Novice: 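Pasting in a structure now, in C-alpha coordinates, and then I'll have a few things to ask.
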Amino acid sequence: MNALRIGDPRRGAGIIVRLATETAFAHASGGYFSVRDARPLECPEAGRDPRVQKELWDETVALLAARTAG
(Lines give C-alpha, C1' and ligand atoms only; values in the text may rest on other atoms or scores of the structure.)
Protein backbone atom coordinates (compact mmCIF):
# COMPACT_ATOMS: atom_id res chain seq x y z
CA MET A 1 0.00 0.00 0.00
CA ASN A 2 2.78 2.41 0.75
CA ALA A 3 4.15 2.05 -2.77
CA LEU A 4 0.84 3.34 -4.12
CA ARG A 5 0.56 5.99 -1.41
CA ILE A 6 -3.09 5.17 -0.78
CA GLY A 7 -2.86 4.94 2.98
CA ASP A 8 -4.79 2.80 5.41
CA PRO A 9 -7.97 1.39 3.81
CA ARG A 10 -9.81 1.47 7.15
CA ARG A 11 -9.27 5.21 7.32
CA GLY A 12 -10.46 5.61 3.75
CA ALA A 13 -13.53 3.52 4.50
CA GLY A 14 -14.34 5.77 7.46
CA ILE A 15 -14.80 8.83 5.26
CA ILE A 16 -16.97 6.85 2.85
CA VAL A 17 -19.22 5.76 5.72
CA ARG A 18 -19.44 9.36 6.96
CA LEU A 19 -20.33 10.69 3.53
CA ALA A 20 -22.96 7.99 3.05
CA THR A 21 -24.64 8.27 6.45
CA GLU A 22 -24.36 11.80 7.84
CA THR A 23 -27.18 14.17 6.95
CA ALA A 24 -24.68 17.01 6.47
CA PHE A 25 -23.65 15.30 3.21
CA ALA A 26 -27.15 14.39 2.01
CA HIS A 27 -26.93 16.75 -0.97
CA ALA A 28 -23.30 16.08 -1.86
CA SER A 29 -22.85 14.20 -5.10
CA GLY A 30 -19.35 13.28 -6.13
CA GLY A 31 -16.31 15.27 -5.20
CA TYR A 32 -13.21 14.90 -3.10
CA PHE A 33 -13.22 15.09 0.68
CA SER A 34 -10.49 15.16 3.28
CA VAL A 35 -10.14 11.87 5.15
CA ARG A 36 -9.10 13.80 8.24
CA ASP A 37 -12.05 16.19 8.61
CA ALA A 38 -14.39 15.62 5.64
CA ARG A 39 -13.85 19.11 4.26
CA PRO A 40 -14.35 19.41 0.50
CA LEU A 41 -11.17 19.35 -1.58
CA GLU A 42 -10.58 20.58 -5.11
CA CYS A 43 -10.11 17.90 -7.74
CA PRO A 44 -6.48 17.75 -8.91
CA GLU A 45 -5.93 19.63 -12.17
CA ALA A 46 -5.37 16.50 -14.24
CA GLY A 47 -8.75 15.15 -13.12
CA ARG A 48 -10.53 18.21 -14.47
CA ASP A 49 -9.30 17.58 -18.01
CA PRO A 50 -12.18 16.16 -20.12
CA ARG A 51 -9.75 14.04 -22.17
CA VAL A 52 -8.34 12.45 -19.02
CA GLN A 53 -11.86 11.85 -17.72
CA LYS A 54 -12.87 10.14 -20.99
CA GLU A 55 -9.71 8.02 -21.01
CA LEU A 56 -10.38 6.90 -17.43
CA TRP A 57 -14.00 6.13 -18.28
CA ASP A 58 -13.05 4.14 -21.38
CA GLU A 59 -10.38 2.14 -19.51
CA THR A 60 -12.83 1.40 -16.69
CA VAL A 61 -15.46 0.18 -19.15
CA ALA A 62 -12.89 -2.03 -20.88
CA LEU A 63 -11.66 -3.52 -17.59
CA LEU A 64 -15.20 -4.21 -16.40
CA ALA A 65 -16.17 -5.75 -19.72
CA ALA A 66 -13.13 -8.03 -19.62
CA ARG A 67 -13.91 -9.03 -16.04
CA THR A 68 -17.56 -9.85 -16.71
CA ALA A 69 -16.77 -11.71 -19.96
CA GLY A 70 -14.48 -14.21 -18.24
Side-chain angles (χ1 to χ4, degrees):
M1 302 247 189
N2 288 338
L4 297 176
R5 300 180 54 107
I6 61 171
D8 182 350
R10 292 168 295 197
R11 198 164 167 210
I15 188 61
I16 294 169
V17 170
R18 265 188 89 182
L19 293 169
T21 60
E22 291 185 13
T23 57
F25 302 106
H27 299 289
S29 178
Y32 293 86
F33 295 86
S34 167
V35 171
R36 184 171 298 119
D37 59 9
R39 71 182 157 79
L41 301 172
E42 187 173 343
C43 175
E45 187 175 337
R48 295 188 300 259
D49 182 335
R51 290 175 302 181
V52 172
Q53 293 170 357
K54 180 168 180 3
E55 184 179 341
L56 176 60
W57 181 266
D58 292 344
E59 286 295 321
T60 302
V61 168
L63 287 168
L64 290 172
R67 181 147 175 94
T68 57

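Hydrogens, waters and symmetry mates play no part in the numbers below; they use all other heavy atoms, side chains included. Bear in mind that the values here come from a model prediction, so they are computed numbers and not experimental data.
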Novice: Using 0.5 Å steps for rounding, measure from the CZ atom of R48 to the CD atom of E42.
Specialist: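 Rounded to the nearest 0.5 Å, the CZ-CD separation comes out at 4.5 Å.
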Novice: Would you name the heavy atoms of G12 and I15 that are closest together and state the gap between them?
Specialist: O-CG2, 3.0 Å
Novice: Calculate, to the nearest 0.5 Å, the distance between atoms CG and OG1 belonging to L56 and T60 respectively.
Specialist: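 It is 4.0 Å, given to the nearest 0.5 Å.
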Novice: Between atom CG of L63 and atom CG of D58, what is the distance when rounded to the nearest 0.5 Å?
Specialist: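 L63 CG to D58 CG: 11.0 Å, rounded to 0.5 Å.
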Novice: Please check if the number of heavy atoms outside R36 that lie under 6.0 Å from its CZ is greater than 12.
Specialist: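 Not buried by this count: 12 neighbours or fewer within 6.0 Å.
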Novice: Checking E55 now: which residues fulfil salt bridge (charged side-chain N to carboxylate O under 4.0 Å, His left out) with it, not counting sequence neighbours?
Specialist: none
Novice: Atom CZ in F33, atom CZ in R39: separation rounded to 0.5 Å?
Specialist: 11.5 Å
Novice: Is there a path of hydrophobic side-chain contacts, each under 4.5 Å between heavy atoms, that joins I16 and F25?
Specialist: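 Same cluster: I16 reaches F25 through Ile, Leu, Val, Met, Phe, Trp or Tyr contacts under 4.5 Å.
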Novice: Could you pull out the closest heavy-atom pair between R18 and A38, with the gap in Å?
Specialist: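 Taking R18 first and A38 second, the nearest heavy atoms are NH1-CB, 3.6 Å.
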